[in-house]
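Everything quoted here is computed from the prediction, not taken from an experiment. Hydrogens, waters and symmetry mates play no part in the numbers below; they use all other heavy atoms, side chains included.
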Amino acid sequence: MRHETILVIGGSGFIGSHLVAQLVATGRRVIVPTRRFSRARHLLVLPTVELTEADVFDDAVLESLLRNVDAVINLVGVLHSRPGKAGSHWGPQFERAHVELPRKLARACQAAGVRRCLHMSALGADMNAPSMYLRSKAAGEKIMLEASGLEVTALRPSVVFGAEDAFLNLFAKLQRFMPVLALGGLDAKFQPVYVQDVARAFVLALEDRSTIGKVFELVGPHVYTLRELVRLAGVYSGHPRPLMGLPAPLARLQALMLEFMPGGPLMSRDNLDSMKTDNIGNGRGPWLVGWQATPLEAVAPDYLGRH
């Protein structure tokens, strides 16, 4: 039986907005909870979307949201957190979004009788990873996959690109205003994946029972160093600048300073820690049937050219 009513937690964000649109295009009813209605207003143009102001970290609210839905998709994730207390594996923001919420969601699904769950993890998630982000993502993924009575599929995207991304767009903007770009971690490797392809993967996995209990890596067709990606962002935006690699101590100092930028961190020391391991697929599968990745070169020149 097809899952007709889907709860999408984190549905108003970058990836979520594309996923909700694709679910609506298949004729499904999609419920999107949001802390602030204004942040999800752009979804109102979609005919079968139901927006509701709700705190998904409240157990009673979460159970209420799960009533009368056929499946739930959890996309919630944060990129930055304060350091944790001595002996902890991650900081409080990562604990809340990546660990506490999956634990609450698993319990609420069990109580409401919702079995089908799709969970967005992160490429490189591992309890022994060098960053708090990747360790906390691994913990949340484990909670969901091991929850009794649930039919869970986990998906691990690499860095995601698209018109509204905060990755290539950031490097394009920086090169517009700075004569030289000095960055750490320029040799780190990534396998960027298009946001529409990530959304498509969730739609495909939703009704494919062979994906239950499995973890799928979502990566693009090509591997790039960070240096190559920054250069492409400059070329495509029409503002290529010279790049200068920073040695590790200076890169860490730069990241520390950027953590305190007004409006939120542009980069953090934990981001640098994540780049200690290459963010690329293992090439061993499993593979998602019917899924194909779009090359970055087919999409990025168009939206970066607007800079």
_Under 3.5 Å donor-acceptor, N279 side chain and L123 backbone_ = yes

*asked:* Quick check on H239: does its NE2 atom have over 12 non-hydrogen neighbours (other residues, nucleotides or ligands) under 6.0 Å away?
replied: yes

*Would you find a donor on one side and an acceptor on the other, under 3.5 Å apart, between the side chain of Q175 and the backbone of F171?*
yes

*So, N282 side chain and R284 main chain: donor-acceptor pair closer than 3.5 Å or not?*
yes

*Which heavy atom in P102 sits nearest to a heavy atom in H119, and how many Å separate them?*
CG-CE1, 4.0 Å

_Donor-acceptor under 3.5 Å (D208 side chain, A205 main chain)_ = no

*Distance-only, no hydrogens or angles: does the W291 side chain make a donor-acceptor pair with backbone N or O of D197 under 3.5 Å?*
yes

*Salt bridge check: are D55 and R35 linked by an N-O gap of less than 4.0 Å?*
yes

*State, yes or no, whether a side-chain contact exists between V114 and V69 at a heavy-atom distance under 4.5 Å.*
yes

_Could you check whether E151 pairs with R115 (Lys NZ or Arg NE/NH1/NH2 to Asp/Glu carboxylate O, under 4.0 Å)?_
yes

*What salt bridge (Lys or Arg N to Asp or Glu O under 4.0 Å) pairs are there with at least one residue in residues 163-181, not counting sequence neighbours?*
none

*How about M257: does its CE atom have over 12 heavy atoms from other parts shown lying under 6.0 Å from it?*
no

*Rounded to the nearest 0.5 Å, how far does CG of L170 lie from CE of M267?*
7.5 Å

*Check whether the ring centres of F161 and Y194 lie less than 6.0 Å apart, and answer yes or no.*
yes

*Please round to the nearest 0.5 Å and tell me the distance separating atom CE of M275 and atom CG of L272.*
4.5 Å

*Taking all heavy atoms of L75 and all of G10, pick out the closest pair and write down the distance.*
CD1-O, 3.9 Å

*Hey, is CZ on R209 packed in by over 12 heavy atoms from elsewhere, all under 6.0 Å?*
no

*Give a yes or no on whether a salt bridge exists between E141 and R103, defined as a side-chain N under 4.0 angstrom from a carboxylate O.*
no

*Decide whether R36 and S38 meet the rule of one side-chain donor and one side-chain acceptor closer than 3.5 Å.*
no

*For the side chain of K276 and the backbone of P130, is there at least one donor-acceptor N/O pair under 3.5 Å apart?*
no

*asked:* Evaluate V61 against L65 for side chain to side chain contact (heavy atoms under 4.5 Å, CB included), listing each step before the verdict.
replied: CA-CA 6 Å; V61 170; L65 288 168; 4.2 Å; yes

*If only atom types and distance count, is the side chain of S136 paired as donor or acceptor with the main-chain N or O of M132 below 3.5 Å?*
yes

*Check the pair T34 / T52 against side chain to side chain contact (heavy atoms under 4.5 Å, CB included), numbers first and verdict last.*
CA-CA 6 Å; T34 177; T52 179; over 6 Å; no

_Could you check whether H89 and F94 have their ring centres less than 6.0 Å apart?_
no

*Does a donor on one side chain and an acceptor on the other come within less than 3.5 Å for Q22 and Q196?*
yes

*Do you know which two heavy atoms are closest between C109 and L66, and how far apart they sit?*
N-CD1, 3.7 Å

_Tell me whether E4 contacts the main-chain N or O of R28 through its side chain, where contact means a donor paired with an acceptor under 3.5 Å._
no

*Within the distance-only criterion (no hydrogens, no angle test), does the side chain of R241 pair as donor or acceptor with the backbone N or O of G234 below 3.5 angstrom?*
no

_Run S148 and Q110 through side chain to side chain contact (heavy atoms under 4.5 Å, CB included) and show every step you take._
CA-CA 8 Å; S148 175; Q110 290 163 340; 4.1 Å; yes

_side chain to side chain donor-acceptor pair (under 3.5 Å) partner of R269, the single match among Q254, E259, H80_ = E259

*asked:* Within this structure, what is the OG-CZ distance for the pair S12 and R41, rounded to the nearest 0.5 Å?
replied: 12.5 Å

*Evaluate the criterion side chain to side chain contact (heavy atoms under 4.5 Å, CB included) for residue pair L229 and L296; output intermediate values, then yes/no.*
CA-CA 10 Å; L229 289 171; L296 182 147; 3.9 Å; yes

*asked:* Is the terminal nitrogen or CZ of R156 (NZ for Lys, CZ for Arg) located under 6.0 angstrom from the six-membered ring centre of F216 and within 45° of that ring's axis?
replied: no

*Identify whether the distance between the nearest side-chain nitrogen and carboxylate oxygen of E100 and K104 falls below 4.0 Å.*
yes

*asked:* Determine whether a donor-acceptor pair (N or O, by modelled atom type, separation under 3.5 Å) exists between the side chain of R135 and the backbone of A129.
replied: yes

